[in-house]
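One structure below.
Chain letters run A, B, ... following the sequence lines, proteins first and then strands; every chain starts at 1. Predicted, not measured: the structure shown is a model, and the values here were computed from it.
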Amino acid sequence: MSKPSIPKGTRDFSPNIMAKRKFILSTIENVYQTFGFMPLETPAMENLTTLTGKYGNEGDQLLFKILNSGDFLNDIDLSQYDSKKLTPYISEKGLRYDLTVPLARFVVMNQHLINFPFKRYQMQPVWRADRPQKNRYREFWQCDADVLGTSSLLCEADFIAIYHQVFSKLQINEYEIRINHRKLLEATIEKANASQYFKEITVIIDKLDKIGPDGVRNELSQLGIFDTDINTIFSLLNKKVFNQQTIQDIEKSFQNSELANQALADLNNILSLVGDKPQNVFFDGSLARGLDYYTGCIFEVVPTSIKMGSISGGGRYDNLTGMFGLNGISGVGISFGIDRLYDLMEELQLFPEQQTHFTDLLFCPLDEAGISYCMPLANDLRKQGIKTEIYPQASKIKKQLDYANQKQIKWAAIVGENELKNNQIMLKNLLVGEQALINKMDILNFINI
RNA sequence: GUAGUCAUAGCUCAGUUGGUUAGAGCAUCGGUUUGUGGUACCGAGGGUCGUGGGUUCGAGCCCCAUUGAUUACCCCA
């Protein structure tokens with residue numbers, strides 16, 4: 001028999017890890033809900049016609065494709081096709097690559113039922129056939145929230161408020177919300193006479209944090225951009241506090257740029273909604289975001305106490321549903337990277353202790369009669385919300401306490417012959433080691449979880 | 001797709017210029033203690049050294065191939 005294993009780039013989440021992950025997920029979910037977002041789940045698999053062509057050539061290659069069921073090769077003359085052209089005949093479905101395209105697909109299919117503006121959140125795994133490396137997996141979770149069907153900048157302001165609430169609840173205090181505008185990038189690159197390389201340039205300057213100014217200069221230069229134009233781009237890459245002054249400064253460096261004016265008007269509008277000194281928010285001219293469907297404001301959040309990539313990102317896209325034939329729907333959304341959030345909180349030790357306590361009280365029956373004695377007591381406690389279990393065998397008490405100890409259970413209720421006879425239990429506090437013989441009806445009075 | 005590193009017990013790892021029977025800690029199970037854990041002591045089980053070839057009197061160690069894991073680049077979250 002071969003050793004068991006799991007596919008490359010996938011992970012098991014053990015109970016202790018799950019408790020912490022759920023803490024993060026439920027915190028985010030609660031905040032989403034308080035802003036009026038509604039849950040949506042879509043299938044793990046989508047039709048390949050839905051997925052292909054949405055993520056660029058590289059993205060298409062990273063799609064996990066699912067073989068058709070049954071004897072799918074039976075009707076196919078293999079000699080007639082080369083291996084690439086064969087794909088559509090043997091695979092019609094693929095695993096979802098992100099949550100945004102399925103959202104667009106859902107909205108287009110259900111537009112007659114949807115009450116716009118449509119605010120939905122979605123927290124599900126996605127799959128990419130990428131080569132895994134540190135903090136990069138083939139299966140990972142996205143926690144998206146999007147608003148579709150309004151171009152109001154209130155949405156952007158709301159997302160900034162969502163960030164504040166989520167990080168405050170997770171006790172993450174040292175972070176930066178970086179904000180920029182796609183149209184400002186366009187204006188900048190236009191000013192540098194390099195519009196034909198817009199996509200390439202955004203990819204390069206997005207790496208500023210990673211490869212440094214010299215690295216960015218190098219790559220831009222390799223693209224064939226002149227030094228003077230590179231300087232123009234660089235003059236706008238600064239990171240500044242997000243306030244009126246900053247916006248006015250940027251305005252001065254553009255003259256009569258329609259694009260820049262639109263972008264600055266948007267930023268101004270957001271500023272007026274979040275107040276002039278929004279906490280932890282910075283304007284960052286180098287923020288670009290790789291995805292090319294963004295058209296308006298873009299965000300990214302990075303922790304500042306630890307060197308780490310972004311833990312959330314998002315932005316506005318004008319025509320997401322256009323790919324499925326529904327035009328004129330503007331949307332904006334954000335997504336939390338739960339794996340990185342997990343690593344961050346683990347490193348900063350921000351997980352509340354109770355997250356790893358699964359059981360409050362363990363009944364330890366010393367004989368078969370003890371088990372049935374404990375059953376009704378346990379159920380009463382459970383009705384009170386006390387997480388209670390009964391050790392399922394009348395094993396040695398050492399073994400039962402050992403179990404309780406490893407599971408970090410605070411209370412042990414030992415039930416042997418004597419207790420049974422007198423309607424008592426021996427209640428032991430495993431944290432301090434004290435115990436008392438009490439009436440079985442009085443348990444609730446003694447335990448304070 | 002490109003490049004590097006690694007592979008020895010369930011886990012984390014030692015293992016000398018190639019030399020007899022392969023080591024530790026943790027974990028598991030049992031006992032010291034048949035009604036008291038987390039901390040002490042004693043003991044037990046558990047390994048074709050990833051796989052296949054080669055060199056050698058002799059390979060965990062050297063060489064080749066292969067598989068897997070992992071890291072960086074590309075791209076991305």
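- In this structure, CG of A:D339 is placed 14 Å from P of B:A77, rounded to the nearest angstrom.
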- Passes ring pair (Phe, Tyr, Trp, His ring centres under 6.0 Å), A:Y163 versus A:F336? Steps please. CA-CA 10 Å; A:Y163 281 142; A:F336 285 93; 5.6 Å; yes
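- A donor atom on one side chain and an acceptor atom on the other are not found under 3.5 Å apart for A:R138 and A:T10.
- With sequence neighbours excluded, the residues forming a side-chain contact (heavy atoms from CB on, under 4.5 Å) with A:T27 are A:F23, A:K169, A:L170, listed by chain and number.
- Scored by the side-chain contact (heavy atoms from CB on, under 4.5 Å) test, A:E219 finds A:I204, A:K207, A:I211 as partners (sequence neighbours excluded).
- Computed from coordinates, the A:R289 CZ to B:A77 P distance equals 6 Å when rounded to whole Å.
- Partners of A:E434 by side-chain contact (heavy atoms from CB on, under 4.5 Å), not counting sequence neighbours, listed by chain and number: A:V432.
- Residue A:L431 is classed as a base contact, given a heavy-atom separation below 4.0 Å to a base.
- Of the residues in residues 421-429 of chain A, those placing a heavy atom less than 4.0 Å from an atom of RNA chain B are A:M426, A:K428, in numerical order.
- Note: A:Y403 and A:Y391 have perpendicular aromatic rings, judged against thresholds of 30 and 60 degrees for the angle between ring planes.
- When the P atom is used for both B:G58 and B:C73, the distance is 46 Å, rounded to whole Å.
- Using atom P as the reference point in both B:C26 and B:A44, the two lie 15 Å apart (nearest Å).
- Residue-to-nucleotide contacts include a donor-acceptor pair under 3.5 Å from the side chain of A:N405 to the base of B:G37.
- For A:Q400 and B:U36, a side-chain-to-base donor-acceptor distance below 3.5 Å is absent, hydrogens and geometry of angles not being considered.
- Taking the C1' atoms as reference points, B:U16 lies 26 Å from B:C11, given to the whole Å.
- Among all heavy-atom pairs drawn from A:Q124 and A:R96, the shortest one is CB-NH2, 3.2 Å.
- In this structure, a donor-acceptor pair under 3.5 Å is present between the side chains of A:Q122 and A:R120.
- Within 4.0 Å of A:G433, counting heavy atoms only, lies at least one base atom of the nucleic acid.
- At a threshold of 4.0 angstrom between heavy atoms, the contacts of A:D98 with the nucleic acid are absent.
- Remark: the separation of the P atoms in B:A14 and B:G4 is 23 Å, to the nearest Å.
- At the heavy-atom level, A:D402 lies under 4.0 Å from the strands shown only through sugar-phosphate atoms.
- With P as the reference atom, B:G60 and B:G52 are 13 Å apart, rounded to whole Å.
- Residues that satisfy the side chain to side chain donor-acceptor pair (under 3.5 Å) test with A:E417, not counting sequence neighbours, are absent from this structure.
- Under 3.5 Å, the side chain of A:Q61 and the base of B:G1 form no donor-acceptor pair of N or O atoms.
- Counting non-hydrogen atoms under 4.0 angstrom, A:Y137 reaches a base of the nucleic acid.
- Across the P atoms, B:U33 and B:G19 are found 46 Å apart, a figure rounded to whole Å.
- Checked options A:T100, A:D98, A:D144; the residue passing with A:S335 is A:D144 (criterion: side-chain hydrogen bond (donor to acceptor under 3.5 Å, both in side chains)).
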Name every donor-acceptor pair, under 3.5 Å, that has one atom in a side chain of residues 193-203 of chain A and the other anywhere in the protein, sequence neighbours excluded.
| unit_1 | atom_1 | unit_2 | atom_2 | d |
| --- | --- | --- | --- | --- |
| A:N193 | ND2 | A:D229 | OD1 | 3.4 |
| A:T202 | OG1 | A:F198 | O | 3.4 |
| A:T202 | OG1 | A:K199 | O | 2.6 |

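- Rounded to an integer number of Å, the gap from A:Y55 OH to B:C74 P is 23 Å.
- In this structure A:Q424 satisfies the side chain to side chain donor-acceptor pair (under 3.5 Å) test with no other residue, sequence neighbours excluded.
- As rounded to the nearest Å, B:G50 and B:G68 have C1' atoms that lie 7 Å from one another.
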Quick one: which protein N/O atoms are closer than 3.5 Å to N/O atoms of nucleotides 39-45 of chain B? Pair and distance per line, please.
none

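- Using a 3.5 Å distance cut-off with no hydrogens or angles, the side chains of A:E174 and A:T304 do not pair a donor with an acceptor.
- The C1' atoms of B:C61 and B:G37 are separated by 45 Å, rounded to the nearest whole Å.
- A:G416 comes within 4.0 angstrom of a nucleotide base, judged by non-hydrogen atoms across all strands.
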- Would you write out the dot-bracket form of RNA chain B, 5' to 3', with Watson-Crick and G-U pairs under 3.5 Å, [ ] for crossing pairs, | for pairs to other strands and . for unpaired bases? (((((((..((((.....[...)))).(((((.......))))).....(((((..]....))))))))))))....
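- By the side-chain contact (heavy atoms from CB on, under 4.5 Å) test, A:L377 is found to be paired with A:F363, A:Y373, A:I425, A:K440, residues two or more places apart in sequence or in another chain being considered.
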Would you tabulate the pairs of protein nitrogen or oxygen atoms and nucleotide nitrogen or oxygen atoms of nucleotides 25-28 of chain B closer than 3.5 angstrom?
| unit_1 | atom_1 | unit_2 | atom_2 | d |
| --- | --- | --- | --- | --- |
| B:U28 | OP1 | A:Q406 | NE2 | 3.3 |

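- Separation of the A:F167 and A:Y175 ring centroids falls under the 6.0 Å cut-off.
- A donor-acceptor contact closer than 3.5 angstrom links the side chains of A:N231 and A:R217.
- The minimum heavy-atom distance linking A:S286 with A:N180 is given by the pair N-ND2, 4.4 Å.
- Note: A:Y32 and A:F37 have tilted aromatic rings, judged against thresholds of 30 and 60 degrees for the angle between ring planes.
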Protein and nucleotides 69-73 of chain B: nitrogen or oxygen contacts under 3.5 angstrom:
| unit_1 | atom_1 | unit_2 | atom_2 | d |
| --- | --- | --- | --- | --- |
| B:A69 | OP2 | A:K8 | NZ | 3.0 |
| B:U71 | OP1 | A:K134 | N | 3.4 |
| B:U71 | OP2 | A:K134 | N | 3.3 |
| B:A72 | OP2 | A:Q133 | OE1 | 3.2 |
| B:A72 | OP2 | A:K134 | N | 3.2 |

